[in-house]
Peer 1: 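I'd like to ask some things about the structure below.
Here is the naming used below: chain letters follow the sequence lines, and residue numbers restart at 1 for every chain.
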Amino acid sequence: MRMSKLVGRQVKETPKDAQTVSHRFLLRGGYIRSVSAGIYTLLPLGRRVVSKVEAIIREEMDRVDGQEMLMPVVLPGELWEESGRYDTVGDELLRFQDRNEKAMVLGMTHEEAVVHMARTELSSYKQLPAMVYQVQTKYRDEARPRAGLIRVREFTMKDGYSFHANSECLEAYYERCHDAYVSIFQRIGMKDVQVIQADPGMMGGNVSHEFMAVAECGEDTIFLSPDRSYRSNRDVATTGLTFVQEGALPLEKVHTPGKTSIEDVAAFLDATPEQTGKAVFYTTGNDELVFVVIRGDLEVNETKLRNHLKESELRLATDREIEDIGSVPGYASPLGVAAEKVQLVFDRSARHSSNLIVGANEVDYHYRNFNFERDLAELAESVEIVDIATARAGDPCPLTGEPLEITRGIEVGNIFQLGTKYSAAMGATFLDPNGKRAPLIMGCYGIGIGRAMAAVIEQSHDQYGPIWPMSIAPYQVHICALNYKKEAVRTVADLLYAELHASGFEVLLDDRGEKAGFSFADADLIGIPLRLIISPKTIANGEAEFKRRGSEGKDMVALDAVVERLKAELARES
RNA sequence: CGGGGCGUAGCGCAGCCUGGUAGCGCGACUGCUUUGGGAGCAGUAGGUCGGAGGUUCGAAUCCUCUCGCCCCGACCA
């Protein structure tokens, strides 16, 4: 490609709307342009990078027996009603009506569509397992798009769906897909991708993993053990915390005037927050009250609680609601709680700690020395004890006991063992060898392609621009022809350009005749890995200067050795 | 959806407080010179000041409403 004809200019000044590194460089390098909040046009350079990412993904998906297909972006609402998600998914699902006032949606993921296909195409165990995938536009009406391609409304995703006759088959295939993902992210040049346990969320299912590109600007918080053997999303992270267990002291009611917060009570009674039990009330979507007890220094993790209760809606209860069940806000107590009016949930921290300070369910009073075993013996059967605490940096790792570290990550891929959630709801069944009908067992596998491109830049750049891995660079070689308007330079540059083309290289030729600094700065901003500089000086010696993007060194190469040299450089990459 | 910020030429901004009919840098176009880290000179084109309403003799500037964009948070396969 000749740069004089390349659509998409490089911009010197940083657009004020761009904050993150990848956003700035994608904009400035002429890779993308914003059309509306979270909606982008891919310029030719950006399209080339994305095509390469897609090609690698296709190869790896085909290698695990995936079959590429293509489903529609616009889907009938009734399909989403069948799965139940028409109502359960929030406003991210863009709903609209067609001219006949029929409810339609823009696909934000394609479980419904793929099950619609599967229930007519997959009817026998002999066809299983099967995996189909597509590279397709998704639309999610995000409340707040941000950070360029990291969080957008319209985006391209590779989504794959597997179908199995039994869960062993799903689990085995899930592993294969996991490995394919590891290899995809390696091949597109990501330097640090952590596979972590995740919360399946609205997708449903039990097992799910997220592929996180470690980056400062990431939106997700990841917990890691120092040796990386434990890796988890904040939503599911657990800890190896131990709890103080000593002999139970006598229960003692104490006057604590006006002390309603954990900090105040602890300070007033000369104790630490770890020696207290905190009462937190939630209200479910059905207006039922949940009474959570957790050690005072810990915070409730609402995602864990939501999963435990199998409630999609959960909010903090109002004082009024707390009073309605006979509890006293600020002094609520597990002791004497109206167990028939409220679901009592004990975090393991409160269950396994002894002699806690808890509310007395009476204004201005607390109890010392609450012990679950002794004081709630009669409820021991009915009270659920679970881990619903938010993990903290520095908490012991559940596997190694080492302090957990926290880092930020960009979710570039995720995989789920869906099970039969969609197939059962939508009647996608197959006949097993005994002629028995059963719902298909499913897995699904996604990669955000634009996001992956942005994540690579986050992990591979310098102050001047991206440093593309060879595997996804828009071009492999960038020729800066200085003084291109001089015939001698033009002749050599054009010849080299043609020669490299003939040898199979992807080449960008800067034939604009700009000043050296201008040309170099644009080359840095584009970030192509191999650079050749041709100028009156170099051709006088029959040479070109070779430089690798992102490294300091440069050297002179004889013009007739250039192809060979570049081939060697290319080989070094793979 | 809560909080904050910003909308003036393709991009980055000044002007607004204290109303008087729009400017700077970069970019674009033409010509000449220049050519190894974002060149110089001369010239040209380009803006209903996000939109609507109001106050005023007069509004980019003051008031009201509205739309859009960015950031933080909530939310988020």
Peer 1: Mind checking A:Ala37 for me? I need base, sugar-phosphate or nothing, with any heavy atom below 4.0 Å counting as a touch.
Peer 2: sugar-phosphate
Peer 1: Under 4.0 Å, heavy atoms only, any strand: does A:Glu545 hit a base, just the sugar-phosphate, or nothing?
Peer 2: base
Peer 1: Atom CG of A:Leu27 and atom P of B:G12: how far apart are they, to the nearest Å?
Peer 2: 9 Å
Peer 1: Going by the rule salt bridge (Lys or Arg N to Asp or Glu O under 4.0 Å), which residues pair with A:Asp522 if we only count those two or more places apart in sequence or in a different chain?
Peer 2: A:Arg512
Peer 1: Between A:Phe211 and A:Phe185 (judged by ring centroids, cut-off 6.0 Å), do the two rings come close enough to count as a pair?
Peer 2: yes
Peer 1: So A:Ser34, base contact, sugar-phosphate only, or nothing? Heavy-atom distance under 4.0 Å.
Peer 2: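 Counting heavy atoms under 4.0 Å across all strands, no contact is made by A:Ser34.
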Peer 1: On a plain distance test, is the side chain of A:Glu13 in donor-acceptor contact with the base of B:G25 below 3.5 Å?
Peer 2: yes
Peer 1: Do A:Ser183 and A:Glu60 have a side chain donor and acceptor closer than 3.5 Å?
Peer 2: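 Present: a donor and an acceptor within the cut-off.
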Peer 1: So what's B:A39 paired with, Watson-Crick or G-U wobble, going by both distances under 3.5 Å?
Peer 2: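 Partner of B:A39: B:U33.
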Peer 1: Taking only the side-chain nitrogens and oxygens of A:Ser36, find out if one of them lies under 4.0 Å from OP1 or OP2 of B:C69.
Peer 2: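 Looking at the OP1 and OP2 atoms of B:C69, one of them is under 4.0 Å from a side-chain N or O of A:Ser36.
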Peer 1: Under a 3.5 Å cut-off for both distances, is B:G47 Watson-Crick or wobble paired, and to whom?
Peer 2: none
Peer 1: Classify the nucleic acid contact of A:Asp524 as base, sugar-phosphate or nothing, counting any heavy atom under 4.0 Å across all strands shown.
Peer 2: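 Base contact.
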Peer 1: Any cation-pi pair here, A:Arg95 with A:Tyr86, using under 6.0 Å and within 45°?
Peer 2: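 So A:Arg95 does make the cation-pi contact.
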Peer 1: Using purine N1 to pyrimidine N3 plus N6-O4 or O6-N4 for Watson-Crick, or N1-O2 and O6-N3 for G-U wobble, each under 3.5 Å, what pairs with B:A9?
Peer 2: none
Peer 1: Roughly how many Å is it from CD in A:Gln463 to P in B:G38, rounded to a whole number?
Peer 2: 14 Å
Peer 1: Map A:Lys138 and A:Ser519 onto RNA chain B by nearest heavy atom, then report which one ends up closer to the 5' terminus.
Peer 2: A:Ser519
Peer 1: Starting at atom NZ of A:Lys515, determine the distance to atom P of B:U33, rounded to an integer number of angstrom.
Peer 2: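 Atom-to-atom, A:Lys515 to B:U33, this comes out as 15 Å.
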Peer 1: With a 4.0 Å cut-off on N to O distance, would you call A:Asp511 and A:Lys485 a salt bridge?
Peer 2: no
Peer 1: Taking B:A9 as the reference, what is the distance to B:C26 when you measure between their C1' atoms (whole Å, please)?
Peer 2: 12 Å
Peer 1: Within the 4.0 Å heavy-atom criterion, would you say A:Thr538 contacts the bases, only the backbone, or no part of the nucleic acid?
Peer 2: base
Peer 1: Report the distance from atom CZ of A:Arg512 to atom P of B:G36, rounded to the nearest whole Å.
Peer 2: 16 Å
Peer 1: Expressed as a whole number of angstroms, how long is the span from A:Lys485:NZ to B:U33:C1'?
Peer 2: 12 Å
Peer 1: Nearest to the side chain of A:Lys12, heavy atoms from C-beta on, is which of B:C1, B:G36, B:G38?
Peer 2: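 Selected nucleotide (nearest to the side chain): B:G38.
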Peer 1: Just how far, in rounded Å, is P of B:C26 from CG of A:Asp522?
Peer 2: 17 Å
Peer 1: Taking only the C1' atom of each, what is the distance from B:A74 to B:G4 in whole angstrom?
Peer 2: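 Rounded to whole Å, the distance is 15 Å.
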Peer 1: How many whole angstroms separate atom CZ of A:Arg146 from atom C1' of B:G4?
Peer 2: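 It works out to 15 Å between those atoms.
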Peer 1: So, are A:Lys138 and A:Asp159 salt-bridged, with charged N and O less than 4.0 Å apart?
Peer 2: yes
Peer 1: Could you say whether A:Glu411 or A:Arg531 is positioned toward the 5' end of RNA chain B, judged by the nucleotide with the nearest heavy atom to each?
Peer 2: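 This one resolves to A:Arg531.
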Peer 1: Give the nucleotide from the list B:C1, B:G38, B:A28 with an atom nearest to the side chain of A:Arg9.
Peer 2: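 Of B:C1, B:G38, B:A28, B:A28 is nearest to the side chain of A:Arg9.
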Peer 1: Applying a 4.0 Å non-hydrogen cut-off, can you work out what A:Phe211 is touching in the nucleic acid: base, sugar-phosphate, or nothing?
Peer 2: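 A:Phe211: no heavy atom of the nucleic acid under 4.0 Å.
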Peer 1: Counting only side-chain N and O atoms of A:Arg144, is one of them less than 4.0 Å from OP1 or OP2 of B:C72?
Peer 2: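 It does, given that an N or O in the side chain of A:Arg144 lies less than 4.0 Å from OP1 or OP2 of B:C72.
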